[in-house]
Amino acid sequence: ALAYGALRSLVRAQEHSAEVAARLGRLQFAVGLIERDVASAALRAVRDNYGAPRPMLEGETQRVELTRHGHANALALPRAELERVAYVRRDDRLFRLRWPVLDRAPGTRPVEDELIDGVDRMDVVYLDAQGREHRQWPPRGGIGDALPRAIRVTLEVQDFGEILRVLE
C-alpha cells in the first residue's frame with residue numbers, strides 16, 4: 001500500500017511536470033512569434049474592408065496589428081511575401097490573427113490561431129523616435145507612415161507571471 005501510494009504520487013508529479021513543460025513550450029512559441037513578426041515589420045500600409053487606408057502598424061494596449069515580411073510560400077504560388085497579422089487578448093487567451101490578403105474586400109475575415117490561454121493581462125506600449133511612450137499607434141495627432149522605434153509587450157500569464165519584451 002505504501003509503495004502504491006508513492007508510485008501514484010510519482011506518476012501525478014510526472015504528469016503535472018509534462019503539462020507545465022507543454023504550456024511553457026506554447027508560451028515560448030507565442031512570445032517568439034510576436035518577436036519575429038515585429039522584427040520583420042514591413043513599410044506597407046493596407047486598406048480595410050471598406051477601402052479606407054490603415055497604417056502599416058496600428059495598435060492599442062490590448063491589440064497590435066502590422067504588415068510583416070516573410071510570409072511562407074512553400075508552393076511558390078504567385079503572391080506577395082507580405083502578410084497582415086494581429087495579436088489580441090480576448091477572454092484570457094492570446095490570439096494571432098492572419099488575413100489572407102493585405103488589402104481586404106468586404107467580408108474578408110482573418111484566420112484566428114489561439115496561441116495560449118491563461119493570459120491575465122496584455123499591455124502594449126509604443127515608443128516613438130524620441131523615446132516617448134504612447135498607449136496607441138499611430139499616436140494621437142501623429143501620422144501613420146512611420147513605425148515606432150520600439151514596442152514594449154508585457155504579458156501576465158498564469159503559472160509563469162509577467163513576461164516583458166522590448167522589441168525594436
Provide the full list of salt bridge (Lys or Arg N to Asp or Glu O under 4.0 Å) pairs with a residue in residues 39-52, sequence neighbours left out, each pair given once.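 Only Arg44-Asp103 qualify under salt bridge (Lys or Arg N to Asp or Glu O under 4.0 Å).
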Shared hydrophobic cluster, Ile34 / Leu57 (ILVMFWY, side-chain heavy atoms < 4.5 Å):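 Both belong to a single hydrophobic cluster.
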Just one of Leu94, Ile163, Asp159 clears the side chain to side chain contact (heavy atoms under 4.5 Å, CB included) bar with Leu27, so which one?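 In the set Leu94, Ile163, Asp159, the residue that makes a side chain to side chain contact (heavy atoms under 4.5 Å, CB included) with Leu27 is Ile163.
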Applying side chain to side chain donor-acceptor pair (under 3.5 Å), which residue pairs with at least one partner in residues 27-40 are found, sequence neighbours left out? Glu35-Arg165, Asp37-Arg68, Asp37-Tyr87, Asp37-Arg96
Pairwise side chain to side chain donor-acceptor pair (under 3.5 Å) hits with a residue in residues 147-157, at least two apart: Arg121-Glu156, Glu133-Arg152
Checking Arg90 against Phe95: charged group under 6.0 Å from the ring centre and within 45 degrees of the axis? yes
Sequence neighbours left out, what passes side-chain hydrogen bond (donor to acceptor under 3.5 Å, both in side chains) with [X]? Give chain and number order.
X      : answer
Glu168 : none
Arg109 : none
Asp117 : Arg23

Which atom pair, heavy atoms only, marks the closest approach of Ala86 to Arg63?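 Between these two residues, the closest heavy atoms are CB-NH2, 4.1 Å.
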Would you please say whether a donor-acceptor pair under 3.5 Å links the side chains of Arg84 and Thr67?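 Checked: Arg84/Thr67 side chains pair up, N/O donor to acceptor below 3.5 Å.
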Does any non-hydrogen side-chain atom of Leu155 lie less than 4.5 Å from one of Glu162?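 Glu162 does not reach Leu155 side chain to side chain.
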